[in-house]
Amino acid sequence: MAEVHAEMVANVWKVVVAEGDSVNEGDTLVILESMKMEIPVIAEDSGVVAALKVAEGDVIQEGDLIAVIE
Amino acid sequence: MFESILVANRGEIARRIIRTVKEMGLRAIAVYSEADADLPFVREADEAYLLGPAAPAQSYLDIAKVIEACRATGAQAVHPGYGFLAENPAFARAVIDAGLTWIGPSPEAIERMGDKINARNLMESAGVPVAAGTREPVPDLPGALAAAAEIGYPVMVKAAGGGGGIGMGVARNDDELAKAFQTATRAAERFGGGGEGTGPAILLERYIERARHVEVQILGLADGTVLALGERDCSVQRRHQKVVEESPSPGVTPKLRERMLAAAVRAGETVGFRGAGTVECLVDTDRQDFVFLEMNTRLQVEHPVTELVTGIDLVEQQIRVAAGEPPSFTEVRPAGHAIELRVYAEDPKRFFPGPGKIDVWEEPSGPGVRLDSGYVAGNTVTPFYDPLMAKLCVYGADRDEALTRARAAVAAFRIEGPKQNLPFCAELLDDPAFSSGDYDTGLVARMRS
């Protein structure tokens, strides 16, 4: 199981995957926006999206849990 | 001369403009969003007006609110700074229609240079050299592929109305072009930059590898004369955005400089340019040749390096030109060397943004050091705006002295809280290619490869 956390304060611009989706290493899970820049959040392992904790438009803080990959 | 100026911007540039406005004995009016209420520029203005919530669309980009701020505060003129509404012809018109003085070029000049395709075609017809590229907007991917086949790879893909490097991408083959085209289209739709009704027009241009990005500062006077105030080298870039600039450019010979300055004056004259603007070029140092990239019809972020080598306050000249007055100087005689380092709230390795509360902020000082900053300790750098926290500028009698002062100033600058790129600045100043002056726009990528 791998937890994916936010590396910075950001707005959630786009949620690319849904709970239950299979993802491969390197796939984009969500796209954040901070300081006029799009920042893709990438799956570091292959697996299934067991939990997705953010929705489009959310403001997230550094360290917040974004998703859990199993 | 008008008596009051509203500064329609935020952060370091609002603060810097307010300083000159007050030095000229005029009343400085700031506008701000809820997220910026504690920043120095709000406090240092003679009067400050709350525009609205943090989101730029509901504050700094809301033309009606800024015009209302002018009415409410009795402002007589508007300085737009850079970014936000600075190159929006509809805003310039709204200011003029409200009976106020617009501190900038005419809305027509902004419009003609704002569309990068139009600007390139116009410059080509004026005899200014341009890179091979599309003369019409590229409507779709098949169109882009056909254009790339004609121009030849590598190509640069850009949004015609875009700015600040957002959405730009290099493509070396058809696959990369498909990706770059999508990125540019999305950026054009999201961040806009163009006026109302402009679609996500995309252009393709031949990409010059190992080029330097050199720009010429121009100033269009009230009597119609256009002057060139030397060049700035902006080749130190990450994600096609500038990090460090210097003047003069170590890669430009006196002969090439003369040609570039003459072309920049011609570019300004072609659009009847008034005020401060910048003609951006790509320089092929091997061939000592250049092509026109685009014209910025506003004050540039990196204007301090020109101010340091010329001794001319560019904001003061903008205000004087807008008031129909002659400039404060009689001749342009650049001397010495200046370097600007942009201090961004981003990590120094991957350059990802890292906003946060500023716990420690200790500024460097000393001979030849100028700091244009937007923050003090206790402020918070928020994720709503671009990551520029400060511009650390140094001046020296020559490039070596400027480099020595820059290294000392970077070492003395202490910021804790948000992520910050001072370690990158230190690394750059010690990099053999940068120290020697023999570098190009690929420098940062090579440092990180």
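Convention: sequence-line order gives letters A, B, ...; per-chain numbering from 1.
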- Taking all non-hydrogen atoms of both residues, which atom of A/Met37 and which atom of B/Phe351 are closest, and how far apart? SD-O, 4.3 Å

- Message: Just checking A/Glu44: does its CD atom have more than 12 heavy atoms from other residues, nucleotides or ligands closer to it than 6.0 angstrom?
- Response: no

- Looking only at non-hydrogen atoms, find the nearest pair between B/Pro353 and A/Ser34 and report the distance. CG-O, 3.6 Å

- Got a sec: does the CD of B/Gln182 have more than 12 other heavy atoms crowding it under 6.0 Å? no

- Task: Compare every heavy atom of A/Met35 with every heavy atom of B/Pro387, then report the nearest pair and how far apart it is.
- Result: CB-SD, 3.3 Å

- With a 4.5 angstrom heavy-atom cut-off, which part of A/Glu7 approaches chain B: side chain, backbone, both or neither? both

- Message: With a 4.5 Å cut-off on side-chain heavy atoms, are B/Tyr385 and A/Lys36 touching?
- Response: no

- Once you round to the nearest 0.5 Å, how far does CZ of B/Arg186 lie from CD1 of A/Ile31? 5.0 Å

- Taking all atoms of both residues into account, what is the closest heavy-atom pair of A/Met8 and B/Pro355, and its distance? CB-CD, 4.5 Å

- Is it the case that more than 12 heavy atoms not belonging to A/Lys53 sit under 6.0 Å from its NZ atom? no

